[in-house]
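Naming: A, B, ... by sequence-line order, numbering from 1 per chain.
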4 protein chains.
Amino acid sequence: MIIQLENNASEDQILKVKESLEDIGYKANEVNTQKGKYLIGIGKKDFDIRAIGQLPGIKDIHIVSDDYKLVSNKWKVNPTVIDLGNGVIIGGDEFAIMSGPCSIEGEEQIADTIDFLKSQGVKIMRGGVYKPRSSPYSFRGLGIDGLKLWYKMAREAGLKIITEVMQVSQIEEMHDYVDIYQVGARNTQNFNLLDELGKVDKAVMIKRGISGTIDELLYSAEYVFSGGNEKLLLCERGIRTYEKASRNTFDINAIPILKEKTHLPVIADPSHGIGIRKHVGEVAMASVIAGADGVIFESHSCPEKAYSDGQQTLDFKESEKLIKAMKETHKLRKAFY
Amino acid sequence: MIIQLENNASEDQILKVKESLEDIGYKANEVNTQKGKYLIGIGKKDFDIRAIGQLPGIKDIHIVSDDYKLVSNKWKVNPTVIDLGNGVIIGGDEFAIMSGPCSIEGEEQIADTIDFLKSQGVKIMRGGVYKPRSSPYSFRGLGIDGLKLWYKMAREAGLKIITEVMQVSQIEEMHDYVDIYQVGARNTQNFNLLDELGKVDKAVMIKRGISGTIDELLYSAEYVFSGGNEKLLLCERGIRTYEKASRNTFDINAIPILKEKTHLPVIADPSHGIGIRKHVGEVAMASVIAGADGVIFESHSCPEKAYSDGQQTLDFKESEKLIKAMKETHKLRKAFY
Amino acid sequence: MIIQLENNASEDQILKVKESLEDIGYKANEVNTQKGKYLIGIGKKDFDIRAIGQLPGIKDIHIVSDDYKLVSNKWKVNPTVIDLGNGVIIGGDEFAIMSGPCSIEGEEQIADTIDFLKSQGVKIMRGGVYKPRSSPYSFRGLGIDGLKLWYKMAREAGLKIITEVMQVSQIEEMHDYVDIYQVGARNTQNFNLLDELGKVDKAVMIKRGISGTIDELLYSAEYVFSGGNEKLLLCERGIRTYEKASRNTFDINAIPILKEKTHLPVIADPSHGIGIRKHVGEVAMASVIAGADGVIFESHSCPEKAYSDGQQTLDFKESEKLIKAMKETHKLRKAFY
Amino acid sequence: MIIQLENNASEDQILKVKESLEDIGYKANEVNTQKGKYLIGIGKKDFDIRAIGQLPGIKDIHIVSDDYKLVSNKWKVNPTVIDLGNGVIIGGDEFAIMSGPCSIEGEEQIADTIDFLKSQGVKIMRGGVYKPRSSPYSFRGLGIDGLKLWYKMAREAGLKIITEVMQVSQIEEMHDYVDIYQVGARNTQNFNLLDELGKVDKAVMIKRGISGTIDELLYSAEYVFSGGNEKLLLCERGIRTYEKASRNTFDINAIPILKEKTHLPVIADPSHGIGIRKHVGEVAMASVIAGADGVIFESHSCPEKAYSDGQQTLDFKESEKLIKAMKETHKLRKAFY
């Protein structure tokens with residue numbers, strides 16, 4: 001059960017609602033986000049909603065049968081729209097494109113990418129400065145200095161930044177230099193990280209776990225939302241299966257299923273989803289027609305020389321074609337849904 | 001190695017080529033299809049292609065490094081086009097739609113479906129008369145009598161028929177009443193069935209195994225082709241994974257990967273691929289934009305009353321919308337690839 | 001619901017029971033096996049068991065909530081024991097060892113294996129004469145002539161034979177030369193094959209599908225049992241997962257779970273379960289301690305020269321050690337369970 | 001390549017070796033653990049080992065073809081033995097048993113468990129004070145206060161403690177109250193956490209990821225080892241597959257494969273591996289006979305009342321039986337390997 005409180009509800013009023021919840025055998029979790037105040041009632045017992053509904057301070061009550069609550073479509077019918085400022089909006093009728101290299105490598109590469117993205121009207125740049133790597137001996141990214149350089153250049157060009165945060169201690173140092181914190185597939189269930197991102201007033205995109213279920217992704221989002229942060233995006237990036245002809249198995253089913261279950265925007269990552277450069281475009285377009293609110297894909301002026309993920313990175317010419325194709329595909333989607 | 005022989009190559013000439021193959025340490029498999037004569041050389045040794053190439057009776061020689069040979073794109077660049085007669089063509093520039101119920105249930109249902117398909121210009125009707133069921137106590141289909149009835153009605157209406165064959169003994173009895181034999185996901189590696197279907201002069205559509213790899217699907221097709229039957233279609237229908245939010249995980253990646261590897265037409269089955277009625281359409285459109293040569297989906301005048309698979313079957317209104325959407329999507333695909 | 005009928009129940013009596021079943025809304029499936037007569041009632045409605053229980057011809061009535069019925073432990077508490085004759089018994093307190101090559105290759109190899117097995121007191125020899133192969137160009141086995149030769153030699157030595165049957169048409173030709181028909185992992189859901197094996201008076205061992213569930217294995221066994229054949233064994237042989245460090249992932253959990261769910265003997269196949277020669281023994285012993293009624297493993301006088309599966313085949317010295325170890329392990333198992 | 005340095009190698013000597021490594025095109029990673037000094041050379045080029053081998057300060061050079069180095073069996077033939085003090089030793093000839101509740105719940109529960117473990121001669125107690133939970137609304141553990149209470153009681157009883165650490169900031173606060181830090185399945189690739197645990201002078205047990213590969217587990221261990229901590233244990237706890245008859249699929253194959261690949265002790269967690277109370281014992285014994293150096297399992301005086309994981313937790317009577325059985329099984333294992 002989700003109880004939306006009036007924004008000006010008094011502490012006393014809230015306490016009363018909490019006590020009423022406990023009286024009917026429910027545990028009450030207080031949630032204060034950038035946008036509103038909620039009490040999440042956790043329990044299984046039947047009860048008469050009128051017993052609570054009349055209490056002062058309450059705006060609305062929603063019965064949500066899912067185990068995740070705040071991220072569920074069942075209480076919030078309108079899609080979540082995230083405004084990054086300067087007219088950059090994700091969700092709702094907007095279609096978001098995020099692109100850039102796997103790893104931020106240096107000034108020249110950043111400049112090349114920015115030039116390209118600007119020429120295409122793309123407003124959000126992706127790139128990694130902290131890189132999770134299976135082997136401790138691999139390149140682990142340029143770190144905070146790389147981020148600062150990148151931020152300076154991106155801001156001058158009017159671009160927004162999405163980049164991966166790997167641990168709690170990085171949240172604060174990265175804070176002033178990111179627009180969207182990305183939680184990687186290996187950290188989808190790093191609950192401490194999610195807890196802390198709930199306290200931040202920046203958007204957060206959570207990638208589905210390497211073999212995470214759709215429900216686990218929603219639960220992880222619930223961590224951030226119930227921690228106080230409503231600016232949330234979900235990302236399908238392929239799952240691990242027995243099939244080795246592709247890097248991952250992009251779960252196209254997850255797109256419409258997520259759109260049905262949650263009000264949060266759903267982004268597709270076809271680069272990791274298939275992992276084969278020449279087919280990234282087709283998986284991207286498939287995601288768009290299936291209902292994704294945006295696509296994040298890896299691009300590089302010279303994929304052959306990229307520090308990482310070159311095999312699934314598009315060059316700028318391929319990227320240009322894809323961007324055009326995705327826009328057309330998004331239009332077609334809108335014509336039918 | 002694939003050696004295409006002249007259609008009028010003499011037995012003597014073929015024998016000479018075989019001997020030459022054996023001389024260089026290759027095993028020679030003779031293949032005679034509806035369209036041509038081939039010798040498939042299996043071996044690993046290096047050799048000088050000129051040692052064989054000059055022999056009389058040889059049309060062309062192709063080195064194919066894949067373990068499957070005849071179904072590989074590496075020797076046959078042009079896509080396979082299957083002509084079912086009366087202008088019903090699959091593959092190449094054509095986009096094929098196949099629809100109908102999971103199970104053939106009786107005259108009225110057949111008539112309803114035929115009327116609907118005709119109204120939409122759909123030329124291939126699907127339906128099951130032999131149903132593979134996990135439990136021996138479930139409905140197993142109307143069998144050959146159901147097929148005969150269906151065939152009579154479909155032919156009058158000018159529709160082609162695709163239906164599942166489950167065992168060798170059914171091939172002959174079904175022969176005069178089908179246009180495409182379908183090999184189900186549980187029989188993808190029923191090699192005896194594949195062997196026998198190689199001897200038949202009807203089209204065969206092989207579904208990917210329940211947890212089959214892309215390569216296994218290609219190998220299974222190689223059985224039919226090397227048995228003598230080039231009229232082959234492949235079908236992606238979702239694979240079994242840990243994710244239980246959908247019936248199967250539709251492997252959208254498989255579409256472009258198969259199109260890259262083989263010259264055979266690739267059909268998508270979104271009904272089994274997601275198993276959720278309200279999302280079948282989105283997966284279907286995703287398949288089309290990703291490059292499928294056709295879509296097979298389950299439809300029924302009243303899915304709620306269908307004998308089987310009702311939860312993933314579209315009613316006629318939903319089907320009509322989807323057919324229109326797929327055609328638009330196919331056009332968009334062509335504009336970019 | 002399973003209604004065990006008296007063996008001398010009259011047709012008239014049986015008809016009455018059937019009608020009573022139908023009266024309460026149940027579908028009645030008549031099953032006649034080598035051992036008994038049953039009516040399997042399929043339905044969901046509640047009813048008063050006394051309404052049927054008093055009818056003449058009924059020996060016992062069991063409510064079985066599982067969807068599979070005859071193979072369930074819920075009506076038959078005692079384990080199924082299969083007597084192959086000459087004192088060769090599988091199930092119950094016996095521990096069965098089956099060994100031999102992947103493929104039957106010829107007289108010398110058969111003789112070597114027989115000598116070895118006899119020296120170890122192993123009474124059941126495995127080997128393939130029909131080999132399911134991914135590629136049509138691979139060795140497919142010696143066929144019926146190989147089986148006849150093998151049978152002759154095995155019978156002289158007093159050994160029983162287990163070998164794979166791949167299709168319906170082979171059942172009859174193999175009949176006089178096998179003691180246990182093996183249904184391979186690619187045929188677990190070849191329902192026509194299972195139907196026909198239900199009519200045979202020989203034991204049948206069904207392997208779990210390549211990515212089959214435990215329940216699907218039980219359903220497949222239900223096909224054979226309800227077809228009339230109670231002489232059934234189940235075999236865990238590893239499942240397909242994302243992990244590629246082993247050929248398959250041997251599902252050790254399946255052993256105790258199957259033993260809990262069914263009265264049928266459960267055999268482990270560690271050779272396919274791990275696919276790595278040096279570790280076959282450890283997986284075999286693990287199966288035994290976890291409760292398997294027997295182990296089937298691949299052995300060869302010279303695994304390096306085996307026609308197939310050499311990488312997972314033990315030589316005779318390794319086999320001897322394993323046989324000894326398994327016997328000790330089985331003793332230990334009995335001390336605790 | 002692993003270059004073991006003399007413990008008294010001078011900085012100057014080490015620098016020379018590093019330079020020589022770089023001269024042959026290798027990157028040199030300096031590693032200082034509790035036990036020794038190493039240079040890990042990462043590169044692919046061929047070279048003459050004698051070019052480096054004669055330099056002063058070098059104890060030994062090992063070519064390790066695996067991508068993980070320090071955890072590989074290829075340079076360290078002897079198994080790693082971890083001494084927790086007071087005669088509690090893991091690895092080598094010892095067989096380790098760790099048991100206790102999923103969650104630490106309070107004083108009485110701790111006392112009950114300690115009494116039981118002492119009566120059985122079990123020297124390592126498991127329990128969670130920080131609990132990773134899919135839902136933010138679930139019980140998340142007693143935290144550091146619970147750990148302090150538990151530690152005090154365990155130390156008085158002479159027991160060692162293993163408990164999960166979920167984030168970097170917990171490492172220090174937990175440090176004085178744990179003997180083995182456990183890294184959970186959701187954190188196997190939390191590389192920052194692994195980095196920090198490399199700096200700690202306490203043992204670390206890393207669980208395999210929820211769908212982690214065997215190689216990924218070894219890489220994660222390489223993070224800790226190369227960070228400076230050799231006191232490492234690995235834990236197989238089941239993987240996520242399509243099979244839902246058990247909580248996870250315990251990968252019995254992983255036990256002998258890990259033992260072949262690494263010198264680190266391998267612990268089995270049958271509780272999570274199957275997730276079904278009545279079968280935990282059989283999976284435990286299977287692990288032991290397959291070569292595990294120890295078993296960690298969940299026990300509770302009253303599993304029905306446990307805060308979490310009750311369905312897979314043994315009561316003390318069941319635990320007593322299992323402990324006895326595992327010891328016998330370990331003896332049998334030793335008789336054959």
Please determine whether the number of non-hydrogen atoms from other residues, nucleotides or ligands lying under 6.0 Å from atom OH of C:Tyr242 exceeds 12.
yes

First locate atom CG of C:Asn192, then atom CG of B:Asn190, and finally report the distance between them rounded to the nearest 0.5 Å.
9.0 Å

Other residues, nucleotides, ligands: >12 heavy atoms within 6.0 Å of B:Glu172 CD
no

Heavy atoms, side chains only, cut-off 4.5 Å: are B:Phe191 and C:Met166 in contact?
yes

Would you name the heavy atoms of B:Ser134 and C:Tyr219 that are closest together and state the gap between them?
O-CB, 3.1 Å

Approximate separation, where rounding is to 0.5 Å, of C:Ser211 OG and B:Ile239 CD1:
9.0 Å

Region of C:Tyr223 in contact with chain B, defined by heavy-atom distances below 4.5 Å
both

Using heavy-atom distances under 4.5 Å, tell me whether B:Arg140 contacts chain C through its side chain, its backbone, both, or neither.
side chain

Less than 4.5 Å apart, any side-chain heavy atom of B:Val168 and any of C:Gln167?
yes

Cut-off 4.5 Å, heavy atoms of chain B, and the answer for C:Ile40 is side chain

Validation row: B:Thr188, C:Arg186 side chains within 4.5 angstrom (heavy atoms)
no

Does the side chain of B:Gln189 reach to within under 4.5 Å of the side chain of C:Ile210, using non-hydrogen atoms?
yes

Go through the atoms of B:Asp215 and report whether side chain, backbone, both or neither lie under 4.5 Å from a heavy atom of chain C.
neither

Between CG on residue B:Asp66 and OG on residue C:Ser135, distance to nearest 0.5 Å
11.5 Å

Nearest atoms (heavy-atom pairs only) where C:Tyr137 meets B:Lys27
O-NZ, 3.1 Å

Mind listing the closest non-hydrogen atom pair of B:Arg240 and C:Gly212 along with its distance?
NH1-CA, 3.7 Å

Interchain contact, B:Glu216 with chain C, by part (heavy-atom threshold 4.5 Å)
side chain

B:Leu218, part contacting chain C, at a heavy-atom distance under 4.5 Å
neither

